[in-house]
Amino acid sequence: MKQSVLTKKMNLSAATFFLMILTISQISSAAVTRLPQINFGSRPSARTEGTICSDCAVRAPQNSLMGQLAQLDSGTEKIFNAAYLNDNGERSNLYDLRNRRARGERLTTEQKAILQASDRIGLVFWPGCINSESGREVEGNATLIKIDGRDAIITSAHFIKNDNGVLHGDCDLDDYSKATFMPNYSYYGQTGQSAVSDSTVFREVRATADRRFGDFNNDKIRLENDWIVLYLDEQISNKPAPNTSAPRGFVEFASAQPEKQTVPGYILGLDERQGPGKTTFQACDVVADVSQSYNSCDTDGGSSGSLVGVLENGEIKLHGINNRNSDALPLKGEHPTPSDYKKWNHGVSSDHISDEIQQVLNPQGIDT
């Protein structure tokens, strides 16, 4: 049974997240008439040469139907990186990279980008709200972004309600308009030179939802709108992350993605198979197709809301957020292959999200 953050703070050998009641508040829905400041990178995306981690080598294919399919598709190494095999051998925790940085070792551009991005993701939860299906408090991955000069987080809308729009637990939308974000939660369980204090790991920042974005108010969740934005009650992007002196920064939106073109990408976040509370990362393939972002990474329960990114100009930029794992899709007996990206994990693309934000904040399309 999953335990609460409060229990963790009182007894740190326990494993996750506390329940409490927050005051209810709503945000103004007044239209903004100027062009919102959403930061974009520049293409092309490129992977830097070098090894990301010590334990992410591809394993030999197993003697199974999926292994045979992988060989037939001439893509064993790719299909064994995909979630539908539940391979789960490729995602790596951040401990090693952080400690190597602390020792002053030289890291590749890609490794530095992963560490930088790891300080821009965290855990969001809704105190007092229980998921009626899992029996757990509502919580998940979130990514720190910036919209119109304000620090915000983006995460999955299905955390607060199911696909039919039914809210989880006894909470209503007013309850869900307020959340708590833990920006340093990726340090939970960190050992070695990069370990930080418990007060740092469990630092909390209150967050307030913008009801105009994504699927906060709609009755039924659509795939393209399975996202919500919550503004932080304080700016943290201009302050240092743990063990660093430079400002934490935020994840910029990737520049326009080439539709239906596979490019190197990454996933960062919590994933239940990796162990309680562990934040992990992995390199894999990503594809943007209209409003959707697809990825071939290893994922399992608890990975929703994870940052799916691409490397641009030395930083990991937002390609999308992960919402659904491929092994949970209704494949009806079909076996996915590396060439069929629509059967990979999928979520919402950053292109679609940025377009929706622009339309809400600047409906006339005029920069005043």
Side-chain angles (χ1 to χ4, degrees), residues 12 39 41 45-58 81 89-123 141-146 151 153 181-203 205 235-252 254 264-271 274-284 297-298 303 306-319:
L12 296 176
N39 293 72
S45 169
R47 176 107 47 97
T48 305
E49 293 288 339
T51 301
I52 304 175
C53 51
S54 59
D55 58 344
C56 59
V58 176
N81 278 338
E90 314 301 333
R91 289 186 71 161
S92 301
N93 65 47
L94 296 159
Y95 299 175
D96 179 57
L97 280 183
R98 282 181 173 152
N99 286 328
R100 289 174 62 186
R101 178 178 63 183
R103 292 192 296 267
E105 294 185 23
R106 184 174 181 177
L107 302 179
T108 66
T109 300
E110 185 176 39
Q111 291 167 338
K112 292 177 182 177
I114 289 169
L115 288 178
Q116 182 186 63
S118 71
D119 286 327
R120 299 171 178 177
I121 59 175
L123 177 79
N141 296 283
T143 299
L144 177 63
I145 59 174
K146 189 180 286 289
D151 281 2
I153 55 173
F181 178 57
M182 289 184 169
N184 302 326
Y185 193 77
S186 66
Y187 285 81
Y188 176 68
Q190 176 79 43
T191 59
Q193 291 177 270
S194 292
V196 297
S197 67
D198 300 321
S199 60
T200 298
V201 172
F202 299 117
R203 166 162 158 63
V205 181
Q235 294 286 100
I236 63 172
S237 62
N238 58 352
K239 301 173 184 176
N243 296 330
T244 63
S245 57
R248 183 190 302 266
F250 54 93
V251 176
E252 296 181 355
Y266 310 85
I267 193 167
L268 288 90
L270 295 166
D271 184 277
Q274 313 303 323
K278 290 185 179 179
T279 300
T280 60
F281 67 92
Q282 183 185 42
C284 58
C297 296
D298 288 326
S303 62
S306 293
L307 165 64
V308 177
V310 291
L311 186 63
E312 296 182 1
N313 298 326
E315 292 190 16
I316 291 180
K317 307 292 180 69
L318 185 72
H319 183 277

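All values below were derived from every heavy atom in this structure, side-chain atoms included, with hydrogens, water molecules and symmetry-related copies excluded. Along the sequence shown, residues carry numbers from 1.
Between the CG atom in Leu115 and the CG atom in Leu268 there is a gap of 9.5 Å [rounded to 0.5 Å]. If you take OG1 on Thr143 and CG on Leu307, they are separated by 4.5 Å, rounding to the nearest 0.5 Å. Asp96 contributes atom CG, which lies 8.5 Å from atom CD of Gln111 (distance to the nearest 0.5 angstrom). Remark: Asn93 CG to Phe281 CZ distance equals 7.5 Å, nearest 0.5 Å. How far CZ of Arg120 is from CD1 of Ile145: 13.0 Å, rounded to the nearest 0.5 Å. Taken to the nearest 0.5 Å, the CG atom of Leu94 stands 10.5 Å off from the CG atom of Asn99.
Checking side-chain atoms of Tyr187 against main-chain N and O of Pro242 turns up a donor-acceptor pair under 3.5 Å. Without hydrogens or angle criteria, Asp151 side chain to Ile236 main chain gives a donor-acceptor distance under 3.5 Å. Distance alone, capped at 3.5 Å, is enough to place a donor-acceptor pair between the Asn141 side chain and the Leu270 backbone. A donor-acceptor contact shorter than 3.5 Å is absent between the side chain of Arg100 and the backbone of Leu107. Checking side-chain atoms of Tyr95 against main-chain N and O of Gly189 turns up a donor-acceptor pair under 3.5 Å.
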- Derivation of the side chain to side chain contact (heavy atoms under 4.5 Å, CB included) call for Ile316 and Val251: CA-CA 7 Å; Ile316 291 180; Val251 176; 5.7 Å; no
- Item | side chain to side chain contact (heavy atoms under 4.5 Å, CB included) between Ile267 and Arg91, intermediate numbers included | CA-CA 9 Å; Ile267 193 167; Arg91 289 186 71 161; 4.1 Å; yes
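The nearest pair of heavy atoms linking Ser237 to Lys146 is OG-NZ, 3.2 Å. In terms of heavy atoms, Thr109 sits closest to Gly314 at CG2-CA, 3.8 Å. For Gly277 against Tyr188, the heavy-atom pair with the smallest separation is O-CD2, 3.5 Å. Nearest heavy-atom pair, Arg203 versus Pro183, reported as atom, atom and distance to 0.1 Å: O-CD, 3.5 Å. Summarising the geometry of Leu311 relative to Ala113, their closest heavy-atom pair is CD1-CB, 3.5 Å, with the distance given to 0.1 Å. The shortest non-hydrogen separation linking Lys239 to Gln235 is CE-O, 3.4 Å.
Side-chain contact, Arg98 with Ser186: a donor N or O sits under 3.5 Å from an acceptor N or O.
Using a 4.5 Å heavy-atom threshold, the side chains of Asn184 and Gln190 count as separate.
For Arg106, the CZ atom sits in a loose shell: 12 or fewer heavy atoms of surrounding residues, nucleotides or ligands are nearer than 6.0 Å.
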